[in-house]
Number of protein chains: 2
Amino acid sequence: MARTLAVIGDRWTLLILRDCFLGVRRFERFQERLGVTRHVLSDRLRKLVAAGVLEKRAYQERPPREEYRLTAMGLELHPAIIHLVQWGDRWLSDDHGAPLQHIHRGRGHRFQAQLTCADCGEVVGPRDVTVAANPALAQRLELPDEGRSPDTAWQQGG
Amino acid sequence: MARTLAVIGDRWTLLILRDCFLGVRRFERFQERLGVTRHVLSDRLRKLVAAGVLEKRAYQERPPREEYRLTAMGLELHPAIIHLVQWGDRWLSDDHGAPLQHIHRGRGHRFQAQLTCADCGEVVGPRDVTVAANPALAQRLELPDEGRSPDTAWQQGG
DNA sequence: CATTTAAGGTTCCAAAAAGGAACTCAATAG
DNA sequence: CTATTGAGTTCCTTTTTGGAACCTTAAATG
């Protein structure tokens with residue numbers, strides 16, 4: 001998580017990426033849509049390119065103009081971004097609901113995100129996922145132990 | 001997305017919530033695990049409680065001691081957090097891989113997150129989801145139009 | 001009784017990041 | 001020759017962080 005946040009964990013980066021998924025590619029468009037200062041936008045785009053999340057390519061040569069596109073790495077942020085957006089739509093909407101709805105293309109109905117296990121296809125909730133130390137590594141990280149195992153410790157019981 | 005980021009969009013909040021899902025509940029534990037300054041931690045916890053993502057409850061009265069737990073709202077961030085963690089594990093791991101692995105409890109195998117449609121159960125990728133203006137709202141937001149419709153504009157097509 | 005320990009914070013000041021507005025550069029349009 | 005567009009930089013002010021010390025309640029120790 002710390003690694004992920006080092007790349008996308010600041011006030012603007014996820015908004016930039018969200019706009020990328022909506023088709024925005026150009027500096028001026030990001031700037032006018034987000035209201036971020038040009039300075040910060042320039043910095044964030046440069047870092048995203050350096051991290052491999054976006055790539056910069058010329059879309060014309062005279063005059064030289066550049067655009068930013070999601071790489072394969074960037075495209076794989078899609079599930080996380082969808083879930084974050086839908087969480088906000090669900091819990092933080094004002095009276096009228098979200099301004100945009102997600103649609104499942106090819107099916108035509110509304111798209112509601114759901115987390116499943118790629119191996120067995122089951123829908124999973126928070127209590128269905130637990131963690132284990134990577135056997136390939138020495139134990140670098142001590143898990144907290146306040147009398148419960150970590151897999152149940154999040155529960156509201158008590 | 002802007003609404004979501006107003007709640008969870010800073011350098012520390014998602015790390016705090018990740019630790020919540022790992023069973024951490026107490027101020028001191030967050031502080032020692034994350035290395036965040038007490039000042040910032042105090043501020044973030046207060047804001048998360050105010051937003052309804054965490055709740056503060058006493059776990060003993062003499063001396064008074066408090067702990068922080070995920071609410072229903074907070075628990076629903078689980079899919080987003082899982083996806084973010086797995087994205088980092090996949091794209092940003094050093095040579096040895098992630099320190100922790102996710103396990104599908106009750107199945108016993110590794111858990112690999114996958115985004116599906118809650119309506120029809122299909123696995124969906126970036127190109128399967130599109131957006132439409134909420135019909136219940138006037139069109140407040142102009143989508144970018146650089147010669148493509150937004151649903152295909154993200155594609156790498158040349 | 002004075003001291004120490006523990007949890008859960010505040011306060012204060014220096015350093016880093018973000019906001020705002022103007023300026024640059026290259027090329028094309030009028 | 002002047003204005004415009006796209007994509008940035010530069011400079012300066014305001015906000016946020018980081019670091020370290022201090023405070024409070026209450027029990028435990030000597």
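Small disclaimer: the values here were computed from a predicted structure and weren't measured.
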Taking atom types as modelled and ignoring hydrogens, do the side chains of Ser42(A) and Arg38(A) form a donor-acceptor contact shorter than 3.5 angstrom? no

To the nearest angstrom, how far is [X] atom [atom1] from [N] atom [atom2]?
X: Leu34(B); N: dG18(D); atom1: CG; atom2: P; result: 11 Å
X: Leu54(A); N: dA7(D); atom1: CG; atom2: P; result: 14 Å
X: Gln60(B); N: dA26(D); atom1: CD; atom2: P; result: 11 Å
X: Gln31(A); N: dA21(C); atom1: CD; atom2: P; result: 11 Å
X: Ile16(A); N: dA18(C); atom1: CD1; atom2: C1'; result: 13 Å
X: Lys47(B); N: dT15(D); atom1: NZ; atom2: P; result: 14 Å

Looking at Arg11(A), does any N or O in its side chain come under 4.0 Å of the phosphate oxygens OP1/OP2 on dG19(C)? yes

Within the pair Trp12(B) and dG18(D), is there a side-chain N or O less than 4.0 Å away from OP1 or OP2? yes

According to a hydrophobic-cluster definition based on side-chain heavy atoms being under 4.5 Å apart (Ile, Leu, Val, Met, Phe, Trp, Tyr only), do Leu92(B) and Ile81(A) belong together? yes

Against the six-membered ring of Phe30(B), is Arg44(B) placed for a cation-pi contact (under 6.0 Å from the centre, within 45° of the normal)? no

What is the minimum heavy-atom distance between Thr116(B) and Val123(B), and which atoms define it? CG2-CA, 3.8 Å

Between Ala118(A) and Gln114(B), which heavy-atom pair has the shortest distance, and what is it?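 Closest approach of Ala118(A) to Gln114(B), heavy atoms only: CA-OE1, 3.5 Å.
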
Short N-O contact, Arg107(A) and Asp128(B), less than 4.0 angstrom: no

Nucleotide by nucleotide, nucleotides 3-14 of chain C touches protein heavy atoms under 4.0 Å in the pattern (B base, S sugar-phosphate only, - none) ---BBBBBB---

